[in-house]
Amino acid sequence: MADDKIYLDGHIDVPSSRLEAVLAALPEHIRLTRAEPGCLKFEISPSKTVAGRLIVSEIFVDEAAFEAHQARNRASDWFRVTAGIERHFRIRTGDDA
């Protein structure tokens with residue numbers, strides 16, 4: 001049986017000069033994302049070992065739900081606040097080994 005889920009795992013390293021603004025925008029970003037149809041899991045938490053690093057873990061039911069999330073995200077305050085901050089993400093499907 002195929003697993004159409006989309007998994008995203010990784011981190012973003014927020015510069016200290018931007019950390020306050022990013023953390024202020026984070027609760028609304030989490031709330032909006034978790035309310036999206038097809039979002040099964042969405043977690044962002046501070047690293048316990050690297051200052052300014054946010055650990056990201058997402059699961060969406062399928063590629064369409066993930067793409068809808070990406071489209072909403074690009075129009076959000078979160079996208080504006082985190083613009084230019086490099087993301088280190090791995091995106092895979094459930095069928096990836």
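The first residue of the sequence shown is numbered 1, and numbering continues consecutively from there.
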Trace of the side chain to side chain contact (heavy atoms under 4.5 Å, CB included) decision for W78 with N73
CA-CA 7 Å; W78 173 258; N73 181 50; 3.2 Å; yes
In short, L26 meets I44 closest at the heavy-atom pair CD1-CD1, 3.6 Å
Of all the heavy-atom pairs spanning G38 and A65, show the shortest one and how long it is.
CA-CB, 3.9 Å
Within residues 46-66 or reaching into it, pairs that qualify as salt bridge (Lys or Arg N to Asp or Glu O under 4.0 Å) - sequence neighbours excluded
D13-R53
Residues forming a side-chain hydrogen bond (donor to acceptor under 3.5 Å, both in side chains) with [X], sequence neighbours excluded:
X   : result
T49 : S47
R72 : T33, E36
R74 : none
S57 : D9, K41

Flag yes if more than 12 heavy atoms outside F89 fall under 6.0 Å of its CZ atom; otherwise flag no.
yes
One pair to check against side chain to side chain contact (heavy atoms under 4.5 Å, CB included): E28 and D77. What are the steps and the verdict?
CA-CA 9 Å; E28 181 69 355; D77 187 50; over 6 Å; no
Partners of R34 by salt bridge (Lys or Arg N to Asp or Glu O under 4.0 Å), sequence neighbours excluded?
none
If Ile, Leu, Val, Met, Phe, Trp and Tyr residues are connected whenever their side-chain heavy atoms lie under 4.5 Å apart, and connections chain through other members, are [X] and [Y] in the same group?
X   : Y   : value
V81 : F79 : no
L23 : V50 : no
L54 : I91 : yes
I12 : I30 : yes

If we only count heavy atoms from C-beta on, is the L40 to F60 side-chain gap below 4.5 Å?
no
How far does CG of L32 sit from SG of C39, to the nearest 0.5 angstrom?
11.0 Å
I59 CD1 to I6 CD1 distance, which is reported to the nearest 0.5 Å:
11.0 Å
Any donor-acceptor N or O pair under 3.5 Å, side chains R87, T82:
yes
May I ask you to decide if the ring planes of F42 and H29 are parallel, tilted or perpendicular, using 30° and 60° as cut-offs?
perpendicular
Quick one: do L8 and F66 satisfy side chain to side chain contact (heavy atoms under 4.5 Å, CB included)? Show the steps, please.
CA-CA 10 Å; L8 181 148; F66 180 72; 4.0 Å; yes
